[in-house]
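Read through the structure below, which is laid out as structure tokens, and then see the notes.
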Amino acid sequence: MIPKPDENDLVFRFSDPRQKKIYVELSDLIGKGPASFFRDACWLVANPMVLESSAHLVAHLLREIESAFRAVFRPITSEPSGLKNEKSNNAKSEISSILRELEVEESSSEGQAWFNLSDKLHGVAHRHGLEEPIPMDEMTELWSDALKLFSFLLYKIREIYLKWFPVLDELLLCTQPTKEGLKKLRNEVPNTAKVRGYFFDRLENPKWIGPLSKEGFFRHPPKPAQDKEEGTISFPPWPEAKYLARMADYEPELIAQIIEEMHQTDNVVVEADLVDAMLLMSAEIAARLIDKAKSWASSPFIYRTLSESLGELIAHLAKGGKAKEALELAQILFEVLSDSNQRQEDQKDNKYQFPPVPHARFDLWDYKKILDKNFPELVQAAGLPALEMLCDLLEKAIRFSNRKQSYDNREDYSRIWRQSIEGHDAYPGHNLRYILVDGVRDSAELIVRCGKAKVEQVVDTLEKRAWSVFHRIALHVISVFPDQAMLLVKERLTDRKLFDDVNCRHEYVLLIRQCFNKLNKMDQNKILDWIQAGPDEVWQRDRLAWICAENLPGSWKAKYQDLIKCHGEPIRPEYPAYIEVGFRGQVRSEEHTSELQSHLCIS
């Protein structure tokens, strides 16, 4: 019975440095295909008991690699004609021609090794009638000879590597690609990043798009290269994608079809080039590829170039009348993710741990840049749905910032981590909640300015959310457009619950300072009566400071001045908890200590 392969055996690691060197050079000098064949052959040799037919399979793989060597040498030999047939007699004459080009004697050990290997592999690869498969130990000498030959041929390829570039120059001069030229490019020129890059970086002829596509040149983008031994991952460039991006301006329909039919890839470098191609298409055509773009936006390896291109694509679709598709893409690109480290910490009983920190798929600096630069186009196209999307993201960021059972459904402590909605406080915006508050605020203002919704609609959208920060943003929007929402101004300023709400204090103070004189006498007196009934004179002084001395009626202005003489000037009364940045800090709130302890879960 054939033993079941161990799972660790399936993850192949080169134990022989010579084998690894050959594998790397095959990949770098000829192409990924022959390199993959060689790696599989090495795995079979290292695990001879996995399959009974291992010897035949190894011979087949070596035969493919040997023919690949002959194929790449073919364009630079002096006698390329008449050598297209792969039968054994022509294989020998082809080897002879290549050896002459390489200035290697046929009688040399290398020449004889090549002839012998080409001849013997044919016999070993195929079955011998109905007999049992050849055992692997009969492949030992042939395997050793193959490694020596491959090392020698790779050395000779390095010596003459530049000879392939004139072949590419001839192809580039063809205004109309031919079958012979396409075959040469596919089968007889090294399929490496450098060689393909030389050709596709210089190819500016759109007439090549269709023929290259039919030959499958654009079907299989390279996958990320993972080194499991080193624990690294890299993303090889694909020159073909850059060519498609340049040609999208000439043949957008054809390029869109090619991208649609292309195999899925996780290679973010390739994805960035394909997004650039979409940016040169009309929004109508680009929208057909939205599912592709959404999968690229969800990549765990998204980086600056790709994120910026996707941001531009959102704006491009929105301006082109495809707001629905742009919104779908934005939802994925701006997705808020939970703190994976915190999920592990939650399993531990540690009440002194730091709060979790939600994050985005890519760097927050780029996140804010795209939100500021590209998202406004979507806001102007979609209106309230774009604002709703940002509100959803902000809610998620707040929820992911809280530990279990830390807060009720309204208390978000935004008065601590976001002292002012207008954003002029001392804290930088290097966290996701802060950035999203900016986004919600700016989008809410823009919707009103561009006429996509009235102030009342925007305020209703915000205030139906439970968290305090949304009610603060709503007050901010009212203060920006007070003349368009005087009824809202009156309702909010004469709401005693809002007057006493420590969470919304900053925005309430800015609104009352700006609009107190726009209220009628009855509403003004209502607020002043609340202050008159205050618990003490310091409390009264601070509330009168909210309104500001120049806005107070005569008698109240005199009372305010008397309170200042008695108790001193109030220090930033618009902030429930104000901290001066520097070597000294001052807190103006009796509630602040307990709030901060609760926020940090300190007993």
Problem - Asp339 side, atom CG; Phe400 side, atom CZ - distance, nearest 0.5 Å - result: 10.5 Å
Exercise for the section: Would you please test Glu271 and Lys292 for salt bridge (Lys or Arg N to Asp or Glu O under 4.0 Å) and show each step? Expected result: CA-CA 9 Å; Glu271 293 168 352; Lys292 290 269 188 180; over 6 Å; no
Practice task
Applying side-chain hydrogen bond (donor to acceptor under 3.5 Å, both in side chains), run through Glu507 and His471 and close with a yes or a no.
Solution key: CA-CA 9 Å; Glu507 286 65 42; His471 296 261; over 6 Å; no
Handout entry: Nearest heavy atoms of Pro482 and Cys515, plus distance in Å
Key = CB-SG, 3.7 Å
Exercise for the section: Examine distances only and state if a side-chain atom of Arg441 and a backbone atom of Ile421 form a donor-acceptor pair shorter than 3.5 Å. Expected result: yes
Practice task
Give me the ring orientation class for Phe334 and Phe375: parallel if the planes are under 30° apart, tilted from 30 to 60°, perpendicular past 60°.
Solution key: perpendicular
Problem - Heavy-atom check, side chain of Tyr508 versus side chain of Asp501, under 4.5 Å - result: no
Practice task
Evaluate the side-chain proximity of Leu280 to Ile255: yes if any heavy-atom separation is below 4.5 Å, no if none is.
Solution key: no
Handout entry: Stepwise salt bridge (Lys or Arg N to Asp or Glu O under 4.0 Å) check, Lys565 with Glu569
Key = CA-CA 8 Å; Lys565 289 178 182 179; Glu569 290 279 357; over 6 Å; no
Problem - Under 3.5 Å: donor-acceptor pair, side chain of Glu411, backbone of Tyr413 - result: yes
Completion exercise
What one should report as the nearest heavy-atom pair of Ala286 and Leu317 is CB-CD2, 4.2 Å
Practice task
Let me see the working for Asn267 and Lys223 under side-chain contact (heavy atoms from CB on, under 4.5 Å), right down to the final yes or no.
Solution key: CA-CA 6 Å; Asn267 188 328; Lys223 298 177 181 179; over 6 Å; no
Handout entry: Partner residues of Lys559 under the salt bridge (Lys or Arg N to Asp or Glu O under 4.0 Å) criterion, sequence neighbours left out
Key = none
Problem - Test salt bridge (charged side-chain N to carboxylate O under 4.0 Å, His left out) applied to Arg465 and Asp460, Asp392, Asp412, the passing residue - result: Asp392
Completion exercise
Sequence neighbours excluded, the answer for ring-ring contact (aromatic ring centres under 6.0 Å, His included) partners of Phe235 is Phe301
Practice task
Decide salt bridge (Lys or Arg N to Asp or Glu O under 4.0 Å) for Lys294 and Glu328; before the verdict, give the C-alpha distance in whole Å, the side-chain angles of both, and the deciding distance to 0.1 Å.
Solution key: CA-CA 8 Å; Lys294 285 159 62 177; Glu328 291 176 5; 3.3 Å; yes
Handout entry: Nearest-0.5 Å distance that lies between atom CG in Asp249 and atom CE in Met281
Key = 10.5 Å
Fill in the blank from the handout: Rounded to the nearest 0.5 angstrom, the CD1-CD1 distance for Ile547 and Ile527 is 6.5 Å
Practice task
Please name the pair of heavy atoms, one in Ala245 and one in Ala277, separated by the smallest distance, quoted to 0.1 Å.
Solution key: CA-CB, 3.6 Å
Exercise for the section: Compute both the distance and the angle, then confirm whether Arg418 meets the cation-pi test with Tyr434: under 6.0 Å from the six-membered ring centre, within 45 degrees of the axis. Expected result: yes
Handout entry: Val440 side chain reached by Leu462 side chain, heavy atoms, under 4.5 Å
Key = yes
Problem - Presence of salt bridge, Asp366 and Lys369, under 4.0 angstrom - result: no
Practice task
For Lys454, look at atom NZ and say whether over 12 heavy atoms of other residues, nucleotides or ligands are found less than 6.0 Å away.
Solution key: no
Problem - Side-chain touch Asp523/Leu493, heavy atoms, less than 4.5 angstrom - result: no
Practice task
Check whether any side-chain heavy atom of Leu310 sits under 4.5 Å from a side-chain heavy atom of Ile302, and report yes or no.
Solution key: yes
Fill in the blank from the handout: d(Ser213 OG, Glu261 CD) to nearest 0.5 Å is 6.0 Å
Exercise for the section: Measure centre to centre between the rings of Phe499 and Trp546, then say whether the value is under 6.0 Å. Expected result: yes
Handout entry: Sub-4.5 Å side-chain heavy-atom contact between Leu244 and Phe200
Key = no
Problem - Criterion side-chain contact (heavy atoms from CB on, under 4.5 Å) on Asn402 and Ile398, from CA distance to verdict - result: CA-CA 7 Å; Asn402 301 340; Ile398 294 170; 4.1 Å; yes
Problem - Backbone of Ala444 reached by a side-chain donor or acceptor of Arg449 within 3.5 Å - result: no
Handout entry: Carboxylate-amine/guanidinium contact Glu395 Arg399, below 4.0 Å
Key = no
Practice task
Please check if atom CD in Gln331 has more than 12 non-hydrogen atoms from other residues, nucleotides or ligands closer than 6.0 Å.
Solution key: yes
Exercise for the section: Decide yes or no on side-chain contact (heavy atoms from CB on, under 4.5 Å) for Val357 and Ser401, but give the supporting numbers first. Expected result: CA-CA 5 Å; Val357 180; Ser401 299; over 6 Å; no
Problem - Note: Arg246-Asp276 ion pair, threshold 4.0 Å (strictly below) - result: no
Fill in the blank from the handout: Between Arg472 and Ser414, the two heavy atoms sitting closest are NH1-OG, 3.0 Å
Exercise for the section: For the pair Lys242 and Asp201, find out whether any cationic side-chain nitrogen is under 4.0 Å from an anionic carboxylate oxygen. Expected result: no
Practice task
Give me the ring orientation class for Tyr575 and His506: parallel if the planes are under 30° apart, tilted from 30 to 60°, perpendicular past 60°.
Solution key: parallel
Exercise for the section: Indicate yes or no for a side-chain donor-acceptor contact from Gln514 to the backbone of Ser479 under 3.5 Å, with no hydrogens or angles considered. Expected result: yes
Handout entry: Side-chain heavy atoms of Asp442 within contact of Val379, under 4.5 Å
Key = no
Exercise for the section: Give the C-alpha distance, both sets of side-chain angles, the deciding distance and a yes or no for side-chain contact (heavy atoms from CB on, under 4.5 Å) between Asp438 and Leu371. Expected result: CA-CA 9 Å; Asp438 285 348; Leu371 205 57; over 6 Å; no
Handout entry: Least distance between heavy atoms, Met278 atom then Ala293 atom
Key = CE-CB, 4.2 Å
Exercise for the section: Check whether any side-chain heavy atom of Arg492 sits under 4.5 Å from a side-chain heavy atom of Glu463, and report yes or no. Expected result: yes
Problem - Asp372 bridged to Lys368 by N-O distance under 4.0 Å - result: yes
Fill in the blank from the handout: Shortest non-hydrogen pair, Val336 vs Tyr367, comes out as CG2-OH, 4.4 Å
Completion exercise
CG of Leu327 to CD of Glu388, rounded to nearest 0.5 Å, is 10.5 Å
Exercise for the section: Using distance alone, with no hydrogens and no angle criterion, decide if Gln264 and Ser295 have a side-chain donor and acceptor under 3.5 Å apart. Expected result: yes
Problem - Check against salt bridge (Lys or Arg N to Asp or Glu O under 4.0 Å), Glu240 and Arg219 - result: CA-CA 10 Å; Glu240 290 88 331; Arg219 190 74 49 82; over 6 Å; no
Problem - Cationic tip of Arg543 above Trp530 ring, under 6.0 Å, 45° of axis - result: no
Problem - Other residues, nucleotides, ligands: >12 heavy atoms within 6.0 Å of Lys322 NZ - result: yes
Practice task
Could you tell me the separation between the CD atom of Gln540 and the CG atom of Leu563, rounded to the nearest 0.5 Å?
Solution key: 6.0 Å
Handout entry: SB check Glu253 Arg288 (cutoff 4.0 Å)
Key = yes
